[in-house]
Visitor: 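Sharing a structure with you now.
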Amino acid sequence: MIIRHGQLVRSAAEDPALTAQTGPVDPTATAVAAVDAMGSTSANFGVAVLDRVTGQVSMGALGATPFYSASVVKLYTVVDILHRLDIGEATLTSAQQSSIQRALSVSDDGAMNVLWEQFGGPRTVTELIGLAQLQDTSPPANSGEWGETLTSPRDVVAVYQFALSSLSPANQQLVMSALTSAQNTGADAFDQSFGLLRSPRVPGVAAKQGWMADGGWEYLHSTGVVGSNDRYVIAVLTKRPASDGYPVGRADVSAATSQLTSALNVVA
């Protein structure tokens, strides 16, 4: 089943008669249904896909469920900072510009720590909640633990849409250039070549990954933009027992994003 704009509806896969009634199935709905079908007893998959041409948002059963953001919140903080820059409420030093680049391309925790401390920490999340009209996001209970920001797949795609539609062209380019140049290995030596960054990469993919272990749980996320003219925004957030191990998680997230990009006809 698919949730569209908060409404639960049956997919054509569950009820073929819907195809005859409503015409061709939207590819985003087909893509999300494919990932939802991958759900297991041990892993939770949250997924949302935005078609920026039609405005259609398709969500899986956990598309509005908050997950720990892990490093995906680095994108949130950067987008909020750049919005402040656009409206004249902030300026950036060359060191801060470098921190933005590293926070996005190699998911550098040290760079994020600097930005978090210098630009108000949780404020960067609370401001973005209003700017991007986020529905399921909240800053971390412990203000120093930015990875414990809570957010949902549908809120992730809303942040990308805000960045691509509301930031100045120069700052849009800054974000997308950094995400397009995301490295296979993070600054902490973590292998982030999974999901949307799996090999071979989808041409032109721009992605922000997330990973963390907390309280016996493993979080692995892959989010980003694919397709001609950045048409599709994809968010796959996962939570599973840490005992499964990251290799298992990487394989599952990669399988999920492969289902999505194939359904959307965006392939390597």
Visitor: Applying the ring pair (Phe, Tyr, Trp, His ring centres under 6.0 Å) criterion to Trp211, which one of Phe190, Tyr68, Tyr246, Trp217 satisfies it?
Guide: Phe190
Visitor: Can you check whether Val236 reaches Phe45 side chain to side chain, under 4.5 Å on heavy atoms?
Guide: yes
Visitor: Within the distance-only criterion (no hydrogens, no angle test), does the side chain of Ser69 pair as donor or acceptor with the backbone N or O of Val72 below 3.5 angstrom?
Guide: no
Visitor: Could you tell me if Gln118 and Gln96 have a donor-acceptor pair between their side chains, going purely by distance under 3.5 Å?
Guide: yes
Visitor: Please tell me whether Arg198 and Thr257 have a donor and an acceptor in their side chains that are separated by less than 3.5 angstrom.
Guide: yes
Visitor: Roughly how far apart are Glu218 CD and Ser243 OG, rounded to 0.5 Å?
Guide: 8.5 Å
Visitor: For residues Leu167 and Ala163, report the shortest heavy-atom separation together with the two atoms involved.
Guide: CB-O, 3.4 Å
Visitor: What residue pairs, at least two apart or across chains, pass salt bridge (Lys or Arg N to Asp or Glu O under 4.0 Å) with a residue in residues 57-77?
Guide: Lys74-Asp109
Visitor: Can you tell if the side chain of Leu115 reaches within under 4.5 Å of the side chain of Ile81, non-hydrogen atoms only?
Guide: yes
Visitor: Using the side chain to side chain contact (heavy atoms under 4.5 Å, CB included) rule, take Leu196 and Thr261 through it: C-alpha gap first, then chi angles, then the decisive distance, then the call.
Guide: CA-CA 9 Å; Leu196 291 173; Thr261 55; 4.2 Å; yes
Visitor: So which heavy atom on Thr91 is nearest to which on Leu85, and how close?
Guide: CA-CD1, 3.7 Å
Visitor: Rounded to the nearest 0.5 Å, what separation is found between the CZ atom of Arg154 and the CG atom of Leu134?
Guide: 10.0 Å
Visitor: Let me see the working for Ser199 and Ser193 under side-chain hydrogen bond (donor to acceptor under 3.5 Å, both in side chains), right down to the final yes or no.
Guide: CA-CA 7 Å; Ser199 181; Ser193 60; over 6 Å; no
Visitor: More than 12 heavy atoms of other residues, nucleotides or ligands under 6.0 Å from CG of Asn142: is that the case?
Guide: yes
Visitor: Do you see a donor-acceptor pair shorter than 3.5 Å between the side chains of Tyr76 and Thr151?
Guide: yes
Visitor: With a 3.5 Å cut-off and no angle check, do the side chains of Asp80 and Thr124 form a donor-acceptor pair?
Guide: no
Visitor: What is the distance from atom NZ of Lys208 to atom CG of Leu179, rounded to the nearest 0.5 Å?
Guide: 8.0 Å
Visitor: Any idea which heavy atoms bring Ala48 and Met59 closest together, and the distance?
Guide: CB-CG, 4.1 Å
Visitor: How many angstroms lie between atom OG of Ser138 and atom CD of Glu148, to the nearest 0.5 angstrom?
Guide: 11.0 Å
Visitor: Do Leu131 and Val156 share a hydrophobic cluster, counting only Ile, Leu, Val, Met, Phe, Trp and Tyr and linking them when any side-chain heavy atoms are less than 4.5 Å apart?
Guide: yes
Visitor: Is the closest side-chain heavy-atom distance between Glu89 and His83 below 4.5 Å?
Guide: no
Visitor: Kindly check if the number of other-residue, nucleotide or ligand heavy atoms within 6.0 Å of CD (Gln133) is above 12?
Guide: no
Visitor: To the nearest 0.5 Å, how far apart are OG1 in Thr77 and CZ in Arg123?
Guide: 11.5 Å
Visitor: Nearest 0.5 Å, please: how far is CD in Gln97 from OG in Ser94?
Guide: 6.5 Å
Visitor: Can you name the one residue among Leu264, Val233, Val35 that meets side chain to side chain contact (heavy atoms under 4.5 Å, CB included) with Val49?
Guide: Leu264
Visitor: Testing the basics here: between Gly186 and Gln192, what is the closest heavy-atom pair and its distance to 0.1 Å?
Guide: N-CG, 4.2 Å
Visitor: May I have the step-by-step check of side-chain hydrogen bond (donor to acceptor under 3.5 Å, both in side chains) for Thr223 and Tyr160, ending in yes or no?
Guide: CA-CA 9 Å; Thr223 75; Tyr160 277 96; 2.8 Å; yes
Visitor: With a 4.0 Å cut-off, would you call Asp230 and Arg52 a salt bridge?
Guide: no
Visitor: How about Asp86 and Asn171: does a side-chain donor come under 3.5 Å of a side-chain acceptor?
Guide: yes
Visitor: Ignoring hydrogens and geometry beyond distance, is a side-chain donor-acceptor pair present between Gln56 and Thr28 at under 3.5 Å?
Guide: no
Visitor: Would Val78 end up clustered with Trp146 when hydrophobic side chains under 4.5 Å apart are linked, directly or stepwise?
Guide: yes
Visitor: When you check the side-chain N and O atoms of Ser105 and Ser181, is any donor under 3.5 Å from an acceptor?
Guide: no
